[in-house]
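Since the structure comes first, as C-alpha cells, the remarks are kept for the end.
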Amino acid sequence: MDHLTTSSNQQYINQRITEASQIDFANKEYRQVFHIANLKFWSPAAYYDLLKERDVFPRFKAPAKRLANIDVGITVGLRLYSLFNADAKKRLALLKEQAEIKHREEVQEALAWHNQRADAFYKNQDNQHRQIEHDHQLMRAGDAAQIISYFYFVLHQDDFTTDFLNRYPIGIEEMNYDKASGKLSFAYRLPSDDEILAFQSFQYDQEQDEVLPEPVGSKEKQAQRTNLARKILLRSIILIYRSDAYYLVKDIEITGFLFYYDPSYGQERRKDIIRVHMNRSEYSETDFTRVDVNALFANRLKAKESSGLYSKTPMEIIDIHTKQNSPPSASRKKPQKDKKQV
C-alpha cells in the first residue's frame, strides 16, 4: 500500500514538473515575441461599422382584451349571474359586443402609434448611419479628429499582460495628428515596477504545491522591465501602421510615461521617461519577427530614455525633458591667471 501511495505521489509530482516546464516555455516565448504577440489589427471600415446602431425596434404588442372588458363593465359577478339569469345573459352579450368594438379601436390606435414610433426610430437610425459614413469619409480625407478617434480606439482594443495574470490597463494621452506631415503623436502609460513580472524561469515548488517564478537579480530585472517597456511602445507602432488602411500616418512619435505618487504634491503625477518615433519607411524595412528590439531602439530609432529606468524609483528618475548638467570635460583647459606686469 505504501508503495502504491509513493508511486502515486511521484506521478503527481512529475505531472506538476511537466506543467511547470510548459508554463515556463509559454511565458518565455510570450516575452520573446511580446511586441507582436496576439496583435489584433483593425480597419476603418470595421471601426465605423461598429459605431453604427443596430438595435431593432420592439415588436408590436396589442393591448389586452381584458382591459376593454373592464372598461365596458364586464365583471366576474356578471359572468356568474348570466349563467342562471336570462337578463344578465343578454346584458353580458351586449357588453361583449361593445368590448369587441372598443378593443379593435384600441388595437388600431396602438398599432398606429407603434408604427409612428418605429418609423421615427429607423429614420433616426438611418440618419445616424449616414453620419457615420460621413465621418468615415472625413477620416479618409485626413480629418484629424476622426483619425485621432480611430487610432485611440485601436490602441485601447489591444489585449496583453505584463504580469502574466491580468490584462494591462492601457492609458493614452495627448494624441495629435498633423495632416501636413502625416505625423501621429501621443503619450502612452508604461507599467510600474510591480506591474511587470521579471523571472528566470517557472519551477514547481513541492512544499507549496505551486508553480512559481524563479526570481532574478536586480540587473536582469531592470533589463527585462526596460525591454518590455520598449516592446509595449513598439507593438503600438505596429498596431497603428497595420491598422492604417488609408496610409494616413507617415510617422509615429510616442512618449512613454509613468504614473507615480508624489508625496510633496499629495497626488499622482506623470513623468515622461521614453520618447521614440518611427516613420513608415523604417517600419516597412523592419522584420518584426526577427528584430532585436533593444538594438532597434538604440541603433536605428535613437530613442531618448531617462537614465536609471526601472532601477531607480520614479521620484529619482529625471524625465526626458530635463537637461542634465554635464560634468566638466577633462580636456577643457583651466583658465590661466593673468601674468603680473614687470
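As the structure is a prediction and not an experimental result, all values here were calculated from the model.
- Ring centroid separation for the pair His114 and Phe57 comes in under the 6.0 Å cut-off.
- Checked for salt-bridge contact, Asp119 and Arg117 miss the test: no charged N lies under 4.0 Å from a carboxylate O.
- Ionic pairing of Arg189 and Glu195 is present here: one or more N-O contacts between side-chain nitrogen and carboxylate oxygen are shorter than 4.0 angstrom.
- A salt bridge is defined here as a Lys NZ or Arg NE, NH1 or NH2 lying under 4.0 Å from an Asp or Glu carboxylate O, and Asp159 with Arg167 meets this definition.
- Summarising the geometry, atom CZ belonging to Arg54 is positioned 4.5 Å from atom CG belonging to Asp49; distances are rounded to the nearest 0.5 Å.
- The NZ atom of Lys221 lies 9.5 Å from the CG atom of Leu197; values are rounded to the nearest 0.5 Å.
- Between Phe153 and Trp42, the distance from one ring center to the other falls under 6.0 angstrom.
- Proximity of a side-chain donor or acceptor of Lys183 to a complementary backbone N or O of Asn176 within less than 3.5 Å is not detected.
- Classification of Glu133 and Lys52 as a salt-bridged pair holds, one side-chain N sitting under 4.0 Å from a carboxylate O.
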Donor-acceptor contacts under 3.5 Å from residues 290-299 side chains, at least two apart:
unit_1: Asp292; atom_1: OD1; unit_2: Asn294; atom_2: N; d: 3.0
unit_1: Asp292; atom_1: OD1; unit_2: Ala295; atom_2: N; d: 3.1
unit_1: Asn294; atom_1: OD1; unit_2: Asn227; atom_2: ND2; d: 3.0
unit_1: Asn294; atom_1: OD1; unit_2: Arg230; atom_2: NH1; d: 2.7

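- Ring centers of Tyr283 and Phe288: under 6.0 Å apart, within the cut-off.
- Between Arg280 and Asp244 there is a salt bridge, since a side-chain N of the basic residue sits under 4.0 Å from a carboxylate O of the acidic one.
- Within the 6.0 Å centre-distance limit, the rings of Phe34 and Phe160 are counted as a close aromatic pair.
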